[in-house]
Amino acid sequence: MATREDILAAIRAGQPASRELPQVPDFHGTDGDLVGQFTAALALLDGKSLSQPPADLQRWLSETFPDASRICSVVPRSLELSPRRSSPTGLHRPTWM
Amino acid sequence: MGHRFTGRATHTSTTKIVYDILASHGAEHLVKSKSMLTEECDTRTFLERRGIQVTETDLGERIQQLDDEPPSHIVGPVFQKTLQDVADLFHRVYGSDQERADPVYLAQVMREHTRPLILAAEAGMTGANFAVAQTGAVVTVTNEGNADLSGNVPKLRICSVGIEKMIPGVEHLALFIRLLTRSATGERITQYTSHFAGPRAGGEMHIVLVDNGRSQRLGDERFWPSLKCIRCGACMNTCPVYRRSGGLSYGSTYMGPIGIIMMPTFDIRRYSELPFSSTLNGSCSNVCPVHINIHEQIYEWRQVMNAKGQFSATKQAAMKVADKVLSHPEAYRAAAGAGEAALKVLPRFAIYNRLNPWGRRREVPSPVAETFHQWYARNRGSARPPDASGQRTETEPVRD
């Protein structure tokens, strides 16, 4: 059974000639405005972003997603405001099936 | 506990070390994400024979597992099945509604049955799309998040990595991720690009580096470029042979053009016929994002097979006859005419028998009423067919 050292020795023995790595041009250079760039990229996917949360987040959620029965969030505050809480371990038994 | 790196040379020693890790933890249930390397090493069969229940968590891979078939494509393992095929399978296995050939419903059926197995598994296993030397992280790219579930939910995680998946740093990773996603699925980035740089809290993470002939291939000037493959499947998507025949027809772990040049490195005798499953049209090399000269390597492999005497006596005799016939146009036309005439009058058993593998699962094409040459002679008289430049030289007016 070969060991890591055997493999490394075989690689060193069979190594193709070294070459300079090609320079990869920066096709999408950033101008420093990362939020603006993200918003524009999201818009290409028909997504919308809010850089400042609305004053009444609960109302905004209800109006924006009137049919949502479950909203997942990594922001604890918005979980408190979501229509229904759910535990990730409960995802294997969806209630709507 | 942190990483444990293990180097293993062959597929059997790889699966053995995976089994030993599982056995030392008393693990009986393993969930794994899609990994062509584990297919290459036949990991699932090896573990199941030793009493370990293995559950694929990639939707397509799980469908193939339930149907006892290998993947038919390295990105979309179940491309060959229709929605109704999957609905029929789930009805047979899970008792779901056979009439609902609806992808959302079918995905939910799978999630209902697979999620409890993920939650209960003692160990998880993934492959790696890339391994970054700079950070020590194993990177997986999925659209379902199943690699994250397989890798993060159980406390014990095993990751098998082909040694060619190693790249120097994160700046190179950015380039390769872009190449992979745009060539595999046409996306700028997949839903999940996950870096596993260590075990979850209180867990263990083992990384098994697999050689299995790769270091030997690296030293072969002709065939080492196949190690550049990033498993995007673009060569399959463009290949006219793959597109007509499907991945399962190759009878090998890696299928399509890249499979043709990789599989003989594992077993030259078993895969001696594979390099002939190509028209050498070069479309595969044209689309390959890492510029592997696939069709040139296929041609090289044919010569290797010939030099190593991998042709059967029957095939050699057939090739000699073909050489004579195909290099003499009159002989070719006479043979084609005789074949066409024979197809019209021969009884069915003379065509569909053991000696004709083409007739086992498909109908031989019906004889044409008139070949192109016959049509040309009838309609163009003594005008010569177009030459290589597409120009037709006419010796008399064309009759239409």
Side-chain angles (χ1 to χ4, degrees), chain A residues 1-32 34-47 49 65 67-74 84-97, chain B residues 5-10 12-14 16-17 96-97 104-105 107-120 145 149 152-153 163-164 166-169 171-172 174-176 178-179 187-189 207-221 223-225 227-228 291:
Chain A
M1 190 177 287
T3 63
R4 180 170 53 180
E5 286 68 33
D6 295 330
I7 296 174
L8 287 171
I11 291 171
R12 289 190 188 104
Q15 196 76 260
S18 182
R19 285 184 291 180
E20 283 289 312
L21 282 176
Q23 289 297 316
V24 180
D26 187 0
F27 295 107
H28 302 282
T30 56
D31 55 6
L34 292 177
V35 173
Q37 206 177 353
F38 177 80
T39 305
L42 198 62
L44 286 174
L45 306 170
D46 285 339
S49 69
F65 307 104
D67 302 324
S69 60
R70 181 183 297 159
I71 294 177
C72 295
S73 170
V74 293
R84 191 194 307 171
R85 271 186 138 177
S86 69
S87 154
T89 53
L91 287 178
H92 67 284
R93 296 228 180 277
T95 51
W96 53 272
M97 286 287 289
Chain B
F5 290 94
T6 313
R8 283 297 174 265
T10 66
T12 47
S13 53
T14 300
K16 176 74 167 54
I17 192 69
S96 59
D97 187 349
V104 175
Y105 169 71
Q108 284 298 336
V109 170
M110 176 61 75
R111 185 172 294 165
E112 272 219 327
H113 288 87
T114 310
R115 190 59 57 92
L117 297 174
I118 295 172
L119 295 173
L149 283 170
N152 287 328
V153 175
I163 56 173
E164 81 280 21
M166 203 85 72
I167 57 174
E171 63 184 285
H172 311 106
L175 176 70
F176 279 111
R178 285 172 64 87
L179 285 177
E187 296 165 294
R188 295 178 78 174
I189 195 165
I207 298 176
V208 184
L209 296 172
V210 182
D211 184 333
N212 200 22
R214 287 164 172 76
S215 58
Q216 194 181 355
R217 203 189 318 166
L218 187 65
D220 190 322
E221 200 177 329
F223 300 124
W224 80 264
L227 290 166
K228 295 193 291 185
H291 291 183

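We name chains A, B, ... by the order of the sequence lines, and we start the count at 1 in each one.
- For B:Ile118, no part sits under 4.5 Å from any heavy atom of chain A, backbone or side chain.
- For B:Asp220, the salt bridge (charged side-chain N to carboxylate O under 4.0 Å, His left out) partners are B:Arg222, not counting sequence neighbours.
- If you measure heavy-atom distances from A:Leu21 to chain B, the contacts under 4.5 Å come from the side chain alone.
- Counted within 6.0 Å of CD on A:Glu5, heavy atoms from surrounding residues, nucleotides or ligands total more than 12; the atom is thus considered enclosed.
- Scanning both residues, A:Ile7 and B:Ser215, for their nearest heavy atoms gives O-CB, 4.4 Å.
- When heavy atoms are compared at a cutoff of 4.5 Å, A:Gln15 approaches chain B by way of both its backbone and its side chain.
- Proximity to chain A (any heavy atom under 4.5 Å) is restricted, for B:Leu175, to the side chain, taken from C-beta onward.
- Counting heavy atoms from C-beta outward, A:Leu44 and B:Arg188 have side chains that approach closer than 4.5 Å.
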